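Here the structure comes first, spelled out in structure tokens, and everything after it is commentary.
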Amino acid sequence: MIKVLIVDDELTARNFLHRLIIDFVPEISEVRIARSAADARNILHDFEPDIAFVDIEMPYQNGFELLIKLKNPQFDVIFTTAHNRYAIQALRFSALDYLLKPIDPKELIGAMQRYLAKRSTSPRRRKVYENFIQNAERKDPNEFRLAVTSSKGAFFFPLSEVLRIESDRNYSVIHLTERKKPFVATKTLKHYEEILAHFKFIRVHKSHLVNAEHIMRISNSNDYLVLSDGTHIYISRRKREAVLNLLNVP
């Protein structure tokens with residue numbers, strides 16, 4: 001069975017999440033509740049949760065600062081947040097799970113299913129949290145570092161180093177600049193397409209997502225792109241018109 005810690009400074013939010021857990025997540029056997037980061041630290045002295053639901057926006061010390069200050073947290077985290085688009089964008093870039101308030105029962109169930117599926121292969125937590133803090137502090141989202149999870153842990157890449165991302169069934173192969181070895185990630189191409197949609201990454205084929213910053217030219221026949229490393233990437237017929245419009249090709 002699973003033990004849970006809820007950390008949230010809002011009474012209504014704490015009680016609502018606790019009620020949802022009781023009603024919809026029978027795998028959870030014990031719940032402790034903290035009203036602040038300081039309260040959470042006190043509880044953690046003698047309580048070892050499997051997972052913590054941590055509010056991002058709290059007075060005195062927010063959820064990320066709490067986790068960074070813990071020496072070596074052994075529990076997984078699902079962050080809770082109101083509609084802060086910038087924070088959500090940084091969370092997704094950092095491969096961190098989150099729930100939007102007010103929390104929907106279906107979203108809670110989905111988050112728990114993702115937790116159960118990945119808990120034996122969780123990436124290095126501290127580095128993931130630190131990457132989020134760095135992303136959130138950057139003024140320009142284009143400077144975010146993309147967290148990429150693999151069977152070996154989590155790795156972080158500036159967007160400028162990503163040439164293209166190639167689909168490999170339920171995995172993705174990330175091709176990097178400077179002839180670095182391609183990196184196999186445990187996320188689908190659709191996952192990266194959704195995250196990178198507003199960062200000049202273009203879906204040119206069912207199996208390829210390309211960084212527009214690395215497109216050197218398009219063929220005379222408009223059927224393939226040439227990237228900065230010399231790679232030729234085919235443009236599917238279905239995607240051709242949209243790709244040409246995005247690249248402002250007449």
Side-chain angles (χ1 to χ4, degrees), residues 1-59 61-68 70 73-126 128-129 132 136 147 149 154 170 185-188 190-195:
M1 301 300 282
I2 300 169
K3 294 186 293 184
V4 160
L5 174 65
I6 296 172
V7 186
D8 199 312
D9 64 303
E10 297 178 6
L11 175 62
T12 302
R14 294 195 302 268
N15 291 343
F16 183 62
L17 177 54
H18 192 190
R19 186 72 252 173
L20 290 181
I21 287 171
I22 292 170
D23 290 344
F24 295 100
V25 192
E27 297 90 348
I28 293 175
S29 59
E30 184 177 358
V31 178
R32 300 278 187 93
I33 297 176
R35 297 169 294 177
S36 65
D39 195 15
R41 284 195 298 274
N42 290 332
I43 291 172
L44 289 169
H45 286 312
D46 57 9
F47 179 64
E48 296 182 4
D50 298 293
I51 187 167
F53 292 89
V54 181
D55 184 27
I56 295 176
E57 299 94 359
M58 293 188 293
Q61 189 176 72
N62 66 41
F64 293 104
E65 292 167 341
L66 163 65
L67 293 166
I68 290 296
L70 294 175
Q74 295 301 306
F75 50 86
D76 279 87
V77 174
I78 296 174
F79 293 97
T80 59
T81 181
H83 293 273
N84 184 329
R85 292 181 62 186
Y86 193 82
I88 291 168
Q89 197 172 52
L91 280 165
R92 299 191 74 192
F93 261 76
S94 304
L96 291 168
D97 211 347
Y98 67 91
L99 292 170
L100 281 175
K101 296 179 180 179
I103 296 170
D104 183 285
K106 291 181 180 178
E107 295 295 327
L108 172 62
I109 292 169
M112 287 305 302
Q113 289 173 341
R114 290 190 294 273
Y115 160 74
L116 291 169
K118 75 173 185 177
R119 60 177 173 175
S120 61
T121 57
S122 292
R124 294 168 292 182
R125 296 181 181 88
R126 178 171 293 278
V128 172
Y129 300 148
F132 170 81
T149 56
N170 291 327
T186 56
K187 298 286 186 182
T188 64
K190 182 175 177 59
H191 168 83
Y192 290 110
E193 181 182 16
E194 290 174 353
I195 291 176

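Being a predicted model, the structure only gives us computed values, none of them experimental. The first residue of the sequence shown is numbered 1, and numbering continues consecutively from there.
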May I ask you to check whether over 12 heavy atoms, not counting those of D46, lie within 6.0 Å of atom CG?
yes
Check against side-chain contact (heavy atoms from CB on, under 4.5 Å), L5 and F75:
CA-CA 10 Å; L5 174 65; F75 50 86; 5.7 Å; no
Nearest 0.5 Å, please: how far is CG in D8 from CD1 in I33?
10.0 Å
Write down the atom of R14, the atom of A34, and the distance for their closest heavy-atom approach.
CD-O, 3.7 Å
Begin from the C-alpha positions of D55 and K101 and carry the test side-chain contact (heavy atoms from CB on, under 4.5 Å) through to its verdict.
CA-CA 10 Å; D55 184 27; K101 296 179 180 179; 3.2 Å; yes
T81 and E57 side chains, donor-acceptor separation under 3.5 Å
yes
Counterpart residues, ring-ring contact (aromatic ring centres under 6.0 Å, His included), relative to F93 (two or more places apart)
F144, F199
Using the rule given for side-chain contact (heavy atoms from CB on, under 4.5 Å), can you reason through I78 versus L108, listing the C-alpha separation, both sets of side-chain angles and the distance that settles it, and then say yes or no?
CA-CA 10 Å; I78 296 174; L108 172 62; 5.9 Å; no
Any side-chain heavy atom of R114 sitting closer than 4.5 Å to one from D76?
no
Kindly determine whether T12 and E10 satisfy side-chain contact (heavy atoms from CB on, under 4.5 Å), including the steps that lead there.
CA-CA 6 Å; T12 302; E10 297 178 6; 5.6 Å; no
Should we say atom CZ of R35 is surrounded by more than 12 heavy atoms from elsewhere, each under 6.0 Å from it?
no
Rounded to the nearest 0.5 Å, how far does CG of L67 lie from CD of E65?
10.5 Å
Taking E194 for its side chain and H191 for its backbone only, find out whether a donor-acceptor pair lies under 3.5 Å.
no
Side-chain contact, heavy-atom cut-off 4.5 Å: F53 with I21?
yes
Is there a side-chain contact between V77 and L96, using heavy atoms and a 4.5 Å cut-off?
no
Answer whether the closest heavy-atom distance between the side chains of Y98 and R92 falls below 4.5 Å.
yes
How many angstroms lie between atom CG of L66 and atom CD1 of I56, to the nearest 0.5 angstrom?
12.5 Å
Identified side-chain contact (heavy atoms from CB on, under 4.5 Å) counterpart of M112 within the set I28, V4, D97:
I28
Does the side chain of K106 come within less than 4.5 Å of D104's, by heavy atoms?
yes
Of all the heavy-atom pairs spanning A37 and Q61, show the shortest one and how long it is.
CB-OE1, 3.2 Å
Does any non-hydrogen side-chain atom of Q113 lie less than 4.5 Å from one of L116?
no
Which distance, rounded to the nearest 0.5 Å, do you find between the CG of L17 and the CD1 of I22?
10.0 Å
With a 4.5 Å heavy-atom cut-off, do P49 and L44 have their side chains touching?
yes
Shortest non-hydrogen pair, G63 vs V54, comes out as CA-CG1, 3.5 Å
Looking at CZ of R19 and CD1 of I103, how far apart are the two atoms once the value is rounded to the nearest 0.5 Å?
14.5 Å
Would you say D9's side chain and S36's backbone share a donor-acceptor pair under 3.5 angstrom?
no
Can you confirm whether V25 sits close enough to I2 that some side-chain heavy atom of one is under 4.5 Å from a side-chain heavy atom of the other?
no
Of all the heavy-atom pairs spanning M1 and P26, show the shortest one and how long it is.
CE-O, 3.2 Å
